[in-house]
Amino acid sequence: MLGGLWARRGHRIMFDFSGPPAQVFYCGGDVDAKQRAAQLIEDLDFKPVDCGPLANARYLEALAVLWIQLAFVEGRGPGLSFHLVRHSG
């Protein structure tokens with residue numbers, strides 16, 4: 001799921017998120033491929049978040065379904081993004 005990058009009818013639309021860059025969650029079983037994915041995400045001005053092994057892809061897919069529900073079914077629009085926050089406590 002590419003946080004703020006959305007393709008519709010063959011067109012790319014980039015959303016301007018205020019604040020820190022939108023995070024893009026990714027996972028995989030190949031270290032080199034994950035490094036390339038992280039670099040691509042950074043090249044697109046997003047923040048890559050490594051979500052572990054390929055087995056975690058099913059959780060990222062569920063997150064994508066939630067994003068679709070919030071953005072389109074509930075009408076919040078496609079310019080939203082999930083963000084991990086680490087509390088200092």
Side-chain angles (χ1 to χ4, degrees):
M1 178 162 104
L2 290 178
L5 182 61
W6 180 254
R8 182 192 294 179
R9 296 185 188 134
H11 300 283
R12 283 183 160 182
I13 301 169
M14 297 294 287
F15 293 99
D16 181 19
F17 293 100
S18 59
Q23 295 177 340
V24 175
F25 306 104
Y26 69 99
C27 62
D30 182 283
V31 174
D32 292 333
K34 286 175 73 173
Q35 289 174 344
R36 287 193 303 268
Q39 186 60 57
L40 174 61
I41 293 164
E42 287 179 354
D43 290 347
L44 293 169
D45 295 325
F46 296 110
K47 181 176 170 58
V49 177
D50 186 343
C51 293
L54 186 59
N56 290 341
R58 64 184 178 165
Y59 305 118
L60 295 182
E61 291 167 358
L63 189 61
V65 172
L66 176 60
W67 183 88
I68 291 167
Q69 172 70 28
L70 295 172
F72 298 107
V73 177
E74 295 187 14
R76 297 181 192 200
L80 60 92
S81 173
F82 296 109
H83 192 84
L84 291 180
V85 177
R86 182 180 301 259
H87 296 279
S88 60

_side-chain hydrogen bond (donor to acceptor under 3.5 Å, both in side chains) against Arg36, all qualifying residues, sequence neighbours excluded_ = none

_Suppose we screen for side-chain contact (heavy atoms from CB on, under 4.5 Å). Which residues come up paired with Asp45, at least two apart in sequence or across chains?_
none

*Answer whether the closest heavy-atom distance between the side chains of Val31 and Lys34 falls below 4.5 Å.*
no

*asked:* So, taking the atom named CZ in Arg58 and the one named SG in Cys27, what distance separates them when rounded to the nearest 0.5 Å?
replied: 11.0 Å

*Check whether any side-chain heavy atom of Trp67 sits under 4.5 Å from a side-chain heavy atom of Ser81, and report yes or no.*
no

*asked:* Run the side-chain hydrogen bond (donor to acceptor under 3.5 Å, both in side chains) test against Asp30 and tell me which residues pass, sequence neighbours left out.
replied: none

*Drop me the distance from Glu74's CD to Ile68's CD1, to the nearest 0.5 angstrom.*
13.0 Å

*Check whether any side-chain heavy atom of Val49 sits under 4.5 Å from a side-chain heavy atom of Tyr26, and report yes or no.*
no

*asked:* Let me check something: do Leu54 and Tyr59 share a hydrophobic cluster, defined by ILVMFWY side-chain heavy atoms less than 4.5 Å apart, either directly or through other members?
replied: no

*Measure the spacing between CZ of Phe46 and CZ of Phe25 and express it to the nearest 0.5 Å.*
12.0 Å

*Enter the distance from Leu63:CG to Asn56:CG here, rounded to the nearest 0.5 Å.*
12.0 Å

*Measuring from Leu60:CG to Phe82:CZ, what's the distance to the nearest 0.5 Å?*
11.0 Å

